[in-house]
Amino acid sequence: MSPSETRPVTRIDTRLAAVRAEGRPALVTFVTAGDPDPETSLAILKALPKAGADIVEFGMPFSDPMAEGPPIQAATLRALKAGQTMAKTLQMVRAFRAEDDGTPIVLMGYYNPIYSYGVERFLADAKAAGVDGLIIVDLPPEEDDELCVPALAAGISFIRLATPTTDDRRLPAVLANTSGFVYYVSITGITGAGSADPTRVAAAVARIKGHTDLPVMVGFGVRTPAQAAAIGANADGVVVGSALVDAVRDSLDGEGRATVKTVAAVADLVGALSAGVRAVRLQPTG
Amino acid sequence: MTVKPNSFRTGPDERGHFGIFGGRYVAETLMPLILELDAAYETAKKDPSFQAELDGLHATYTGRPSPLYFAERLTAHLGGAKIYFKRDELNHTGSHKINNCLGQILLARRMGKTRIIAETGAGQHGVASATVCARFGFPCEVYMGATDVQRQAPNVFRMKLLGATVHPVTAGHGTLKDAMNEALRDWVTNVETTYYLIGTAAGPHPYPAMVRDFQSVIGKETREQILAAEGRLPDMLVAAVGGGSNAIGLFHPFLDDEDVAIVGVEAGGHGIDVHNGHAASLTGGRPGVLHGNRTYLLQDDDGQILEGHSISAGLDYPGIGPEHSFLKDTGRVSYVPITDEETMEAFQLLTRVEGIIPALEPAHALAEVMKRAPAMDKDQIIVMNLCGRGDKDVFTVGKMLGYAL
C-alpha cells in the first residue's frame with residue numbers, strides 16, 4: 001500500500017485528479033524564486049496558473065546548484081544578487097496562496113538553505129505559507145531522516161526524483177516515502193541540457209508505473225510545446241523549467257533588470273506549452 | 001558536542017557518518033554509482049593483490065616511504081621542541097596527492113571505468129590525476145576554477161603536457177568549489193563511463209574514508225620512522241587543512257594515542273574576523289551540507305556558501321572533510337587559523353634555514369609550529385607534514401614580495 005492512500009487528500013491530489021479527468025497530461029512549471037527581482041518574481045508566480053500551469057515549482061535559490069545547467073544557474077545568481085532569501089521565498093508563497101487556494105506549489109532546491117533555516121521551523125513556516133510539496137535534489141532516500149520523514153509528518157508531500165540510473169532493484173526504495181507524484185528525470189545529466197527521447201521516456205514511465213500508483217511527471221530536456229506534447233503523451237505530465245527562466249533572461253534590459261515584457265514573456269510561453277499538453281488525449285488508465 | 005567515543009578510529013558507520021557529519025547527500029542519478037563505488041572499494045580493500053599493487057607502485061613510482069627529516073637548524077633557530085618533517089613534498093609530482101590518486105586509479109580500472117574526471121584548486125591534485133591517467137592510459141578531464149587557472153599557470157601547463165584536458169570553470173567565482181560543482185555536473189551526465197577522482201577527504205561516502213585510507217600511508221610510515229629515530233611517539237602532530245587529506249593521512253594512525261597532541265592548521269587569510277576573508281571552515285564556519293556531505297562550511301545567514309579567501313589556492317575551499325568536523329567537535333584535534341602574512345614569514349624562514357622551499361599549504365602548518373615549538377621543552381617532539389613543495393608557488397610569492405618574475 002502506498003503512503004498516499006492513507007494520507008488526506010492534498011491540493012496536488014485534487015489538481016492531478018482534475019487534470020486526469022480532462023484526459024490530458026499536466027503542465028508543471030518551474031521558475032526561480034526572486035528572479036529577476038522579488039516583485040517581478042511574485043508577478044510571474046501569480047501569472048503561471050492563469051496561463052495554464054497546473055502545478056508550480058518554485059526554486060529556492062542556492063549558491064551551488066550542482067544539478068543545474070547554465071539557465072537555472074544564471075537564474076539562481078540573478079535571484080541571489082537581487083537579495084532573495086528563504087524568508088522572502090516563503091513570503092511569496094503566502095502572497096500567492098492568498099489569491100489562489102487551488103494550485104499546488106512545490107518548493108524545489110537543495111538541502112543546505114533549509115538546514116540552515118532549521119528543519120522544524122522551515123516545515124512549520126512552509127506549511128503555514130501554503131506549500132504542498134518539496135523536491136530536494138541532494139536528499140536521496142538514504143538520508144530520509146533529515147527532511148523527508150519530518151515533512152510527511154508535517155503534511156507536506158516529498159516528491160522524489162527517479163532517474164535512468166534508478167534500476168528496478170532500487171525503485172522501491174526511491175518510491176517508498178514518495179508522495180504527490182514521482183518526478184522522472186528523463187536524461188542522465190543536468191537541467192537544460194539535451195532533449196528527452198519520447199520512446200525511451202515511455203518505457204521508463206511504464207517501468208516506474210509497475211512499482212507505484214502515483215502520477216509520473218517527466219522533466220529535464222522539455223523546452224517546447226511540441227516536446228511537451230510528445231513527452232506528455234507518454235506520462236501524467238511534463239515539467240518545464242530552463243526554457244521559462246531563459247524567457248525571463250531574454251526579457252531583461254541591458255543591466256539585467258525586468259522590463260514590461262518580462263511577466264508576459266513567461267506567461268506567453270506557458271500558454272503555448274499549455275496548449276501543447278491540452279492537445280494530447282491520454283488513454284484512460286485505471 | 002558529540003559524546004567522546006571509545007576509539008576515534010572506527011568511523012564512519014555503514015552510511016558514511018562520523019558522528020553527525022559525512023553522509024551521502026547527492027542527486028539520485030549519482031546514488032546508484034555511489035553505492036557501486038562503496039561496494040567496489042570494500043572488496044578492493046580486502047583484496048591483498050590490490051594493496052600489493054599499490055604498495056609496489058608507491059615503492060617504485062611515488063618514491064615511498066618518504067623520509068622523516070630532523071630539521072636541526074630550524075629546531076635550533078626556534079629554540080624549543082625538536083622538529084621533524086614528514087617529507088611528502090619529495091613524492092613524485094611534488095605533493096601527497098599522488099598517494100590518493102594511485103589508489104583511486106587502481107579502483108577505477110577495477111570497476112571498468114573508461115574516463116577520469118577530477119577537480120583541482122592549486123593544481124596539485126590535477127597534476128597527480130593527470131599523472132596517474134598517463135601512467136594507466138585513461139583520458140583525463142580536469143575542472144579548475146578560471147581564477148585558479150590564472151594564478152596556477154605552471155600546473156595548468158603540466159596537466160596539458162601529461163595529456164589531460166583542463167576545463168576552466170567560470171561559474172560562480174571560478175575557484176575550487178565551483179570546479180567541484182562542474183565536475184559533479186560532468187559526472188551526473190556521464191555516470192556510466194566516468195570515474196570521479198576526488199582529491200580530498202570530502203564528498204559523499206565512501207570518498208572521505210577512502211581518501212583517508214589511501215593517505216594514511218603518511219601516518220603509518222611516520223609512526224615507524226619516529227619510533228626508529230626517537231624510540232617514542234611525538235608529543236605533537238601539525239598539518240595544514242584545506243579539504244584535509246594530508247592532515248587526516250598523518251593524524252589517523254595516531255588518533256587513539258592520547259599523549260599525542262594533534263593540531264590542524266586552517267587558512268586564516270586576511271584574518272578570521274574579516275568577513276569572507278579567510279577559508280577557515282572549522283574556526284569560522286558552521287555545520288551545513290555541500291558536495292555530498294555534512295560538515296563545517298563557510299556560509300552566510302541564509303545558508304548560501306561563501307567563497308572564502310586564502311593566499312594558497314589549495315586551501316581556498318569553503319568546506320572541510322567530515323572526519324575533521326567530527327574530530328573538532330569531539331575535541332580530539334585542535335584547529336587553528338594562520339594568516340596569509342604569517343604563512344609568508346614561515347615560507348621564507350624554511351627556505352633560508354633548511355634549504356627547503358615549501359608549498360604555501362604546509363607553510364601554514366609551519367607558521368603554527370613556529371608559534372608552538374619555542375614554548376615547548378627541548379626534549380619534546382613535533383612532527384609536521386611537509387605535504388608539498390613550493391615550486392608552483394614561486395610566482396605568487398614573488399608577487400607578494402614585490403619581485404617581478
Applying a strict 4.5 Å limit to non-hydrogen atoms, the region of Leu290(B) in contact with chain A is side chain
Pairwise side-chain contact, Val289(B) with Tyr110(A), heavy-atom cut-off 4.5 Å (strictly under): no
Report which part of Leu80(A) has an atom under 4.5 Å of a heavy atom belonging to chain B: side chain, backbone, both, or neither. side chain
By a 4.5 Å heavy-atom criterion (distance strictly below it), what part of Gln73(A) contacts chain B: side chain, backbone, both, or neither? side chain
Where the side chain of Arg185(B) meets the backbone of Pro65(A), is there a donor-acceptor pair that is under 3.5 Å apart? yes
Tell me, side chain or backbone of Asp301(B) under 4.5 Å from chain A's heavy atoms, or both, or neither? backbone
Flag the pair Thr166(A) / Met31(B) as yes when at least one side-chain heavy-atom distance between them is below 4.5 Å, and no otherwise. no
From Arg160(A) CZ over to Glu28(B) CD, what is the distance, rounded to the nearest 0.5 angstrom? 8.0 Å
Non-hydrogen side-chain atoms of Arg286(B) and Ser116(A) separated by less than 4.5 Å: yes
Taking the side chain as C-beta and beyond, is there a heavy-atom pair between Arg170(A) and Leu35(B) under 4.5 Å? yes
Backbone of Gly303(B) reached by a side-chain donor or acceptor of Asn112(A) within 3.5 Å: yes
Counting only non-hydrogen atoms closer than 4.5 Å, does Leu306(B) touch chain A with its backbone (N, CA, C, O), its side chain (CB onward), both, or neither? neither
Chain A heavy atoms under 4.5 Å from His17(B): which part of the residue, side chain, backbone, both or neither? side chain
Side chain, backbone, both or neither of Tyr111(A) within contact of chain B (heavy atoms, under 4.5 Å): side chain
What part of Pro287(B) gets closer than 4.5 Å to chain A, counting heavy atoms only: side chain, backbone, both or neither? both
Has Thr29(B) got a side-chain atom pairing as donor or acceptor with Thr188(A)'s backbone, closer than 3.5 angstrom? no
Roughly how far, to the nearest 0.5 Å, is OG1 of Thr85(A) from CG of Asp302(B)? 5.0 Å
Over 12 foreign heavy atoms within 6.0 Å of CD, Glu36(B): yes
Are Thr163(A) and Val188(B) packed together at the side-chain level, in the sense that at least one heavy-atom pair is separated by less than 4.5 angstrom? no
Please indicate whether Glu42(B) has more than 12 foreign heavy atoms, meaning atoms of other residues, nucleotides or ligands, lying under 6.0 Å from its CD. yes
Min side-chain heavy-atom separation His291(B)-Met66(A) under 4.5 Å: yes
Can you say whether Glu68(A) sits under 4.5 Å from chain B via the side chain, the backbone, both, or neither, judging by heavy atoms? backbone
Heavy-atom neighbours of His167(B) NE2 exceed 12 at 6.0 Å: yes
Taking Pro61(A)'s backbone N and O only, do any of them form a donor-acceptor pair with Gln304(B)'s side chain (distance below 3.5 Å, no angle check)? yes
